[in-house]
**Student:** 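Next up is a structure, given as structure tokens.
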There are 12 protein chains.
Amino acid sequence: MKILIINGPNLNMLGEREANIYGKNTYGDLCARLNDFSNEKNIEIEIFQSAIEGEIVNKIHQYRNYDGLVINPAAYSHYSIAIYDALLIAKIPKIEVHISNVHNRDDFRKNLITAQAVDGIISGLGFKGYELALEYIIATTA
Amino acid sequence: MKILIINGPNLNMLGEREANIYGKNTYGDLCARLNDFSNEKNIEIEIFQSAIEGEIVNKIHQYRNYDGLVINPAAYSHYSIAIYDALLIAKIPKIEVHISNVHNRDDFRKNLITAQAVDGIISGLGFKGYELALEYIIATTA
Amino acid sequence: MKILIINGPNLNMLGEREANIYGKNTYGDLCARLNDFSNEKNIEIEIFQSAIEGEIVNKIHQYRNYDGLVINPAAYSHYSIAIYDALLIAKIPKIEVHISNVHNRDDFRKNLITAQAVDGIISGLGFKGYELALEYIIATTA
Amino acid sequence: MKILIINGPNLNMLGEREANIYGKNTYGDLCARLNDFSNEKNIEIEIFQSAIEGEIVNKIHQYRNYDGLVINPAAYSHYSIAIYDALLIAKIPKIEVHISNVHNRDDFRKNLITAQAVDGIISGLGFKGYELALEYIIATTA
Amino acid sequence: MKILIINGPNLNMLGEREANIYGKNTYGDLCARLNDFSNEKNIEIEIFQSAIEGEIVNKIHQYRNYDGLVINPAAYSHYSIAIYDALLIAKIPKIEVHISNVHNRDDFRKNLITAQAVDGIISGLGFKGYELALEYIIATTA
Amino acid sequence: MKILIINGPNLNMLGEREANIYGKNTYGDLCARLNDFSNEKNIEIEIFQSAIEGEIVNKIHQYRNYDGLVINPAAYSHYSIAIYDALLIAKIPKIEVHISNVHNRDDFRKNLITAQAVDGIISGLGFKGYELALEYIIATTA
Amino acid sequence: MKILIINGPNLNMLGEREANIYGKNTYGDLCARLNDFSNEKNIEIEIFQSAIEGEIVNKIHQYRNYDGLVINPAAYSHYSIAIYDALLIAKIPKIEVHISNVHNRDDFRKNLITAQAVDGIISGLGFKGYELALEYIIATTA
Amino acid sequence: MKILIINGPNLNMLGEREANIYGKNTYGDLCARLNDFSNEKNIEIEIFQSAIEGEIVNKIHQYRNYDGLVINPAAYSHYSIAIYDALLIAKIPKIEVHISNVHNRDDFRKNLITAQAVDGIISGLGFKGYELALEYIIATTA
Amino acid sequence: MKILIINGPNLNMLGEREANIYGKNTYGDLCARLNDFSNEKNIEIEIFQSAIEGEIVNKIHQYRNYDGLVINPAAYSHYSIAIYDALLIAKIPKIEVHISNVHNRDDFRKNLITAQAVDGIISGLGFKGYELALEYIIATTA
Amino acid sequence: MKILIINGPNLNMLGEREANIYGKNTYGDLCARLNDFSNEKNIEIEIFQSAIEGEIVNKIHQYRNYDGLVINPAAYSHYSIAIYDALLIAKIPKIEVHISNVHNRDDFRKNLITAQAVDGIISGLGFKGYELALEYIIATTA
Amino acid sequence: MKILIINGPNLNMLGEREANIYGKNTYGDLCARLNDFSNEKNIEIEIFQSAIEGEIVNKIHQYRNYDGLVINPAAYSHYSIAIYDALLIAKIPKIEVHISNVHNRDDFRKNLITAQAVDGIISGLGFKGYELALEYIIATTA
Amino acid sequence: MKILIINGPNLNMLGEREANIYGKNTYGDLCARLNDFSNEKNIEIEIFQSAIEGEIVNKIHQYRNYDGLVINPAAYSHYSIAIYDALLIAKIPKIEVHISNVHNRDDFRKNLITAQAVDGIISGLGFKGYELALEYIIATTA
């Protein structure tokens with residue numbers, strides 16, 4: 001089983017970025033944790049991070065025949081119709097993950113565009129949210 | 001470890017209720033699944049269902065010293081400030097679960113009130129969402 | 001033929017409640033009139049009144065296999081997504097009745113939530129509205 | 001007893017117009033049914049149909065001393081302040097009828113202007129709605 | 001002189017609930033203080049607390065012939081048209097009390113529904129607000 | 001000097017229409033008064049009344065080379081972009097007149113569309129408003 | 001007959017202020033013209049200009065027993081509830097005058113607050129608007 | 001192949017109407033050009049112009065079995081639900097044409113109602129837009 | 001103990017101003033009552049009334065070290081950010097008083113700006129509201 | 001004659017992307033068709049596709065001296081002010097093309113930003129829309 | 001070179017006013033610093049502070065022929081159309097200065113009215129903002 | 001001292017782009033001027049321009065330990081939450097610069113997202129704005 005994991009803009013700065021909201025662990029820590037988890041679960045993952053909206057669109061196209069997609073569009077969650085359209089094209093299990101609870105932050109984060117094109121959303125559960133998303137795909141696809 | 005699970009209005013009608021959205025399994029099936037899961041994980045759960053907003057408020061008060069709370073406020077997610085206020089009082093890990101993806105249904109379901117008072121939200125992952133919520137509480141509380 | 005009639009909050013105060021809008025007849029008068037009408041039409045009716053949103057939800061569940069439902073959700077017409085969801089579950093003829101014309105009163109009464117889940121609405125025709133609703137169900141179900 | 005019945009734009013196309021919403025019966029069928037009903041009830045009706053907003057205004061003026069008015073303003077329900085003003089002038093029992101339930105269709109149909117100038121509204125009960133409207137006028141005027 | 005005092009959802013948790021906003025005194029402290037005050041003022045009070053919207057509606061009906069009503073609808077202040085309607089029925093002096101200043105908290109607390117159906121509002125003056133409300137009723141009713 | 005006077009829907013019912021707002025004088029009285037005034041001022045007027053939006057558009061086209069236009073679009077003031085467009089074509093002095101003060105009536109009367117295409121507006125001065133409009137055209141055109 | 005004429009902020013700069021909108025005549029020209037007109041009509045006028053909202057409020061109080069009031073609140077037309085309240089107190093004929101047509105300028109000029117408290121509005125007719133307002137008061141008061 | 005071409009209010013004034021937006025050619029020029037084009041393409045066209053909303057509705061009904069419809073509803077594009085409903089009835093290829101680009105003019109022209117009921121829209125291409133619309137119908141219907 | 005009492009625009013016209021809302025007692029009556037009350041309570045009060053927003057700002061600055069502030073900003077309650085800012089500077093107990101219940105009057109009175117900068121609000125309790133405000137300050141400051 | 005054709009995000013997935021809306025032909029088919037068409041019309045075209053907003057901006061700059069521009073900004077139509085600004089710089093004939101009718105899809109597609117910076121828009125006419133756009137540029141530029 | 005510097009309401013309280021936002025330096029410090037700066041730059045400045053909107057309007061009129069204007073309208077920035085109108089009259093270089101960054105404070109501070117009538121805005125740079133504004137005027141006017 | 005200067009989309013087209021708004025000087029001129037200025041002030045600057053949102057995000061990350069940041073996000077100012085998030089990460093002095101006054105242009109330019117994440121904003125002062133921003137950083141950092 002192969003699963004694509006996409007992380008949007010500024011997530012590469014985890015650890016340094018608003019630690020009170022995102023915690024102190026770095027993006028490297030997140031990747032390490034996801035690699036450990038995938039080994040343990042015996043699945044193959046491809047992790048991709050970019051700040052460029054169009055590269056995320058392209059990556060979704062490229063891996064649209066994988067077994068699943070876990071995406072944290074970060075800031076783009078709130079306005080990228082381009083990523084929304086790309087997600088509709090990938091007809092595989094798709095989970096959107098947010099590290100923080102987007103519902104009790106800035107008002108402009110309450111508008112969720114990409115969330116309308118995925119199967120499910122996990123928000124506010126920290127790095128653990130990614131693992132739960134993978135677990136869901138494994139459980140329902142297997 | 002003791003965890004309270006609250007289900008809001010109309011969830012007792014699962015199986016009969018809009019099966020294209022919620023699936024064919026009944027509320028009994030959900031409870032059985034959660035009991036199995038809790039046995040497997042060796043935790044204690046209390047499941048409560050009510051259509052009465054105030055009873056949900058009272059139940060949250062009563063169990064506010066449990067180790068965690070999983071709540072699917074159903075329709076009340078979108079307008080119950082009373083449940084929002086009650087959730088703020090319970091200073092324990094709190095996860096809001098929705099069986100369906102509330103972001104691509106009726107417009108009035110995009111307004112999420114109670115979600116602003118919990119730690120995290122899992123939406124659109126069916127019954128599995130409850131298990132993932134429990135798993136999160138177990139993982140982070142233990 | 002069996003039809004459930006549900007009346008929401010404050011309708012038990014008819015006669016005393018804003019007589020310029022609702023008229024001087026009491027809730028007892030309304031019930032008596034509906035019983036007379038059902039005898040005359042040879043149908044069986046169950047009348048239920050409650051101020052508690054969740055009890056109305058439960059009652060709809062309980063009688064969802066009746067031949068029809070006439071509901072005046074009163075104040076809940078304007079914000080109860082819980083009753084809206086319950087109405088969707090009852091796959092029987094459903095008519096929403098309002099004694100007054102809700103379109104020329106307070107602004108907040110112009111927002112009709114539950115009306116989106118019924119077959120038809122009769123508004124502004126006083127107690128007669130209930131009889132017309134029953135008549136419609138009789139005529140179209142028989 | 002004399003009652004004016006007004007039908008607005010596109011209702012003359014019933015049967016052909018969105019049959020899933022309006023049913024398969026034609027405008028001729030509706031007129032025949034209303035004529036039968038009026039004979040049975042021993043009342044006199046005048047049926048008028050027009051797509052021209054101003055002609056509907058004029059017709060309301062002309063018959064403003066009849067015993068009652070049943071009007072389905074169709075599309076004009078949602079924006080005609082001219083018909084709203086005309087209805088205020090006719091100080092007779094006035095019922096607005098909609099064949100379909102306007103509350104669960106396009107968003108722009110939720111704005112009801114003319115409904116603010118009538119005594120009552122019947123919506124979603126098909127052709128039967130016209131009969132119930134007539135019945136109400138007969139019952140309350142006699 | 002008999003006065004009904006109604007407290008809405010979550011007020012029974014005072015002392016534990018957001019102490020920075022509501023203070024450290026408990027609901028028991030509030031009741032004791034009100035009882036002392038009523039003794040001192042030589043009036044009779046009935047204190048009622050409930051999280052259930054419909055029970056508050058019923059209580060207003062039941063005591064609608066008392067000499068006055070002091071109500072803190074808490075969360076329901078912001079959306080309960082049912083309580084608004086019930087308050088209109090009780091034609092006695094009615095004061096709405098809020099312990100905190102609702103005007104500088106969450107945006108959704110700026111919408112005041114029930115306040116439109118009372119004589120006056122006292123907001124932000126802590127427990128003292130209840131005493132001032134009683135004092136007003138005593139002063140203007142005597 | 002030739003001036004066109006256009007009156008929109010329902011103005012032909014003056015005297016009968018909401019006398020508390022429009023006064024008791026009839027449309028005939030208005031026309032007589034305007035004819036007297038024009039004689040006195042030695043100008044020629046053409047008075048036109050219609051409930052049909054498109055006829056008003058056509059009339060504006062037809063007389064677009066007159067010396068001035070006084071128009072009371074009545075209900076159409078609030079939504080007729082068609083009349084707005086027609087008014088832009090007539091490059092002559094144009095005054096919009098309202099008998100009542102439209103700023104303190106229904107909310108939907110606060111939206112003034114046609115007023116954006118005229119030179120000036122006179123509102124709330126009764127029949128006198130028409131005379132003042134004529135007077136303005138005479139004074140500024142002469 | 002005594003009439004108060006009030007001019008709001010920046011009107012003292014007429015002639016210099018946006019001549020394409022307000023024309024080239026100065027405030028002195030306006031006053032002279034109004035004095036001439038009042039002599040001709042044999043009435044007494046008091047002209048007052050101020051940029052200070054509260055001074056306008058005070059002036060309205062002071063002359064509230066005059067025979068009429070002509071007011072151009074200028075910028076304050078769009079937000080001064082204080083002047084709105086003051087106008088309600090003066091129970092005399094009140095006309096609001098605007099030199100330009102406020103309906104086709106900035107969006108924030110479409111909100112008319114003070115206009116809701118006067119008898120009539122004349123907008124867009126230049127200095128002539130003041131004369132027509134006086135004429136109306138003379139004609140209807142005499 | 002027979003195609004109906006409908007032009008809404010004020011288009012008959014082309015040439016005279018806001019030439020900076022619509023150009024200097026007259027409505028007669030447009031008709032001539034369309035007749036030439038239809039001859040060249042060997043199709044039959046019926047051109048209809050009216051300022052009366054209801055006449056446009058009727059015309060759509062009458063020709064609803066033609067091979068195609070090109071409509072420029074002009075001002076009615078922005079509010080006529082009546083024409084929207086009529087367009088839904090005509091189950092033939094339908095193109096809405098606007099001579100100017102409606103997206104960079106008045107704000108009230110950004111609301112497009114009738115465009116929701118046609119197959120395609122061509123906006124801003126002048127008279128050429130009509131020809132392209134015909135060309136599309138010919139190309140796709142043949 | 002020294003307390004400043006500020007009254008905003010038009011309150012000097014009490015008695016004459018909308019007596020159905022504000023009662024028949026004059027501003028002099030209010031001052032007399034407050035002076036009596038302060039004598040009885042043995043406190044010192046400074047009463048200030050002005051229609052000029054900036055004078056109210058200045059007065060708040062000047063007395064910002066008093067023991068308390070009671071302010072009825074009247075119309076300015078709804079738009080004066082200047083007074084809001086001034087109130088933030090005075091770090092003393094501050095109560096906003098409204099004679100009428102501002103929640104069931106004009107829509108534009110529902111927007112409360114200054115109320116966001118005070119400790120508490122008393123609304124709808126007539127002149128008594130001022131006394132209760134003073135009483136609160138005395139009780140909590142002493 | 002040289003014309004630049006730009007296609008925005010996800011258009012490279014045509015054929016696979018929501019075939020019910022966009023049809024079954026692939027992006028390759030579209031390009032082939034456009035090349036054939038340009039050959040036939042004897043013009044030179046440059047086709048560019050990108051999911052990256054900034055690359056589209058750069059491409060517009062680069063070719064801003066071509067004879068015309070046909071652009072389908074896809075998702076970016078609804079929020080890219082950057083592309084809007086770039087289009088303003090290219091002072092050549094510019095047509096925006098949409099394959100589907102954007103007016104009857106998701107609400108967020110009704111907001112058209114880039115359309116405000118082009119000469120015309122063709123929407124809903126499938127691949128044919130591109131050809132008509134080219135045809136327009138040829139016809140009006142030649 | 002002569003430059004007018006205007007400071008709006010509450011700025012005279014600098015140092016005492018929300019020091020976390022505005023800093024600890026007093027208004028006297030600001031004036032001293034500006035005087036030093038003007039000496040150093042060899043320009044003449046006139047500093048004016050007032051809480052009265054109309055006085056600010058008058059001051060702008062009075063000095064409208066100076067070489068430049070630096071204005072911090074404080075609270076009035078967000079609603080004073082009167083000052084906006086006055087600024088339009090002064091056809092000299094005009095810079096609006098805010099000590100704090102108004103874009104990340106209260107929502108009601110995001111509405112900037114007066115900023116629409118000046119040449120440029122400097123916000124969030126503390127007292128230094130005034131100096132930069134003066135520097136700009138000197139550099140561009142000299 | 002090292003300062004990063006970022007320019008967003010379309011700024012590379014200065015001189016050619018809407019010269020009435022941005023002036024006739026080119027982007028090269030701007031860079032030359034900034035280089036001269038930095039030499040004169042003896043600071044080191046890094047100038048970066050890109051139309052690609054994500055590249056701007058990356059650049060902010062890369063230079064987040066510089067002594068200051070001057071950014072003109074151009075079009076992205078109004079919708080890029082990604083750049084907003086990146087700015088929050090760079091905990092150095094940050095000034096947003098706009099060449100034109102964004103407050104009196106298109107409505108969609110009034111929404112300022114990135115401005116909420118910087119220390120200050122300078123808008124409308126042309127190229128000089130960049131120099132003032134640098135000057136501020138030098139003055140306050142040194």
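Only this structure's heavy atoms are used, side chains among them; waters, hydrogens and symmetry mates stay out. Letters A, B, ... are given to chains in the order of the sequence lines, protein chains preceding strands, and every chain is numbered from 1.
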**Student:** If you count heavy atoms of other groups shown closer than 6.0 angstrom to NZ of C:Lys91, is the number above 12?
**Tutor:**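 Yes - once you tally the heavy atoms of other residues, nucleotides and ligands closer than 6.0 Å, there are more than 12.
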
**Student:** Given heavy-atom pairs under 4.5 angstrom as the criterion, report whether the side chain, backbone, both or neither of C:Glu16 touches chain E.
**Tutor:**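 When you check distances to chain E, atoms from both the backbone and side chain of C:Glu16 fall under 4.5 Å.
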
**Student:** What I'd like to find out is whether the side chain of C:Arg17 reaches to under 4.5 Å of the side chain of E:Asp85, using heavy atoms alone.
**Tutor:**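 Yes. Closest side-chain heavy atoms under 4.5 Å.
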
**Student:** Among residues 63-78 of chain C, which ones touch chain E with a heavy-atom distance under 4.5 Å?
**Tutor:**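 The stretch touches chain E at C:Ala75, C:Tyr76, C:His78.
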
**Student:** Quick one: does C:Ile52's side chain get under 4.5 Å of E:Glu55's, heavy atoms only?
**Tutor:**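 They are in contact (side-chain heavy atoms under 4.5 Å apart), so the answer is yes.
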
**Student:** Quick one: pull up OG in C:Ser80 and CD1 in E:Ile81 and give me the separation to the nearest 0.5 Å.
**Tutor:**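 Separation between the atoms: 11.0 Å.
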
**Student:** Let me know if E:Gln116 has heavy atoms under 4.5 Å from chain C in its side chain, its backbone, both or neither.
**Tutor:**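 For E:Gln116, the contact with chain C is made by the side chain alone.
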
**Student:** Side chain, backbone, both or neither: which part of C:Tyr79 has a heavy atom under 4.5 Å from chain E?
**Tutor:**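 Only the side chain of C:Tyr79 comes within 4.5 Å of chain E.
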
**Student:** Heavy-atom distance under 4.5 Å between the side chains of E:His61 and C:Asn10, does that happen here?
**Tutor:**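 Yes, close enough: below the 4.5 Å cut-off.
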
**Student:** Where does E:Ile60 contact chain C at under 4.5 Å (heavy atoms): side chain, backbone, both or neither?
**Tutor:**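 Contact with chain C involves no heavy atom of E:Ile60 at all.
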
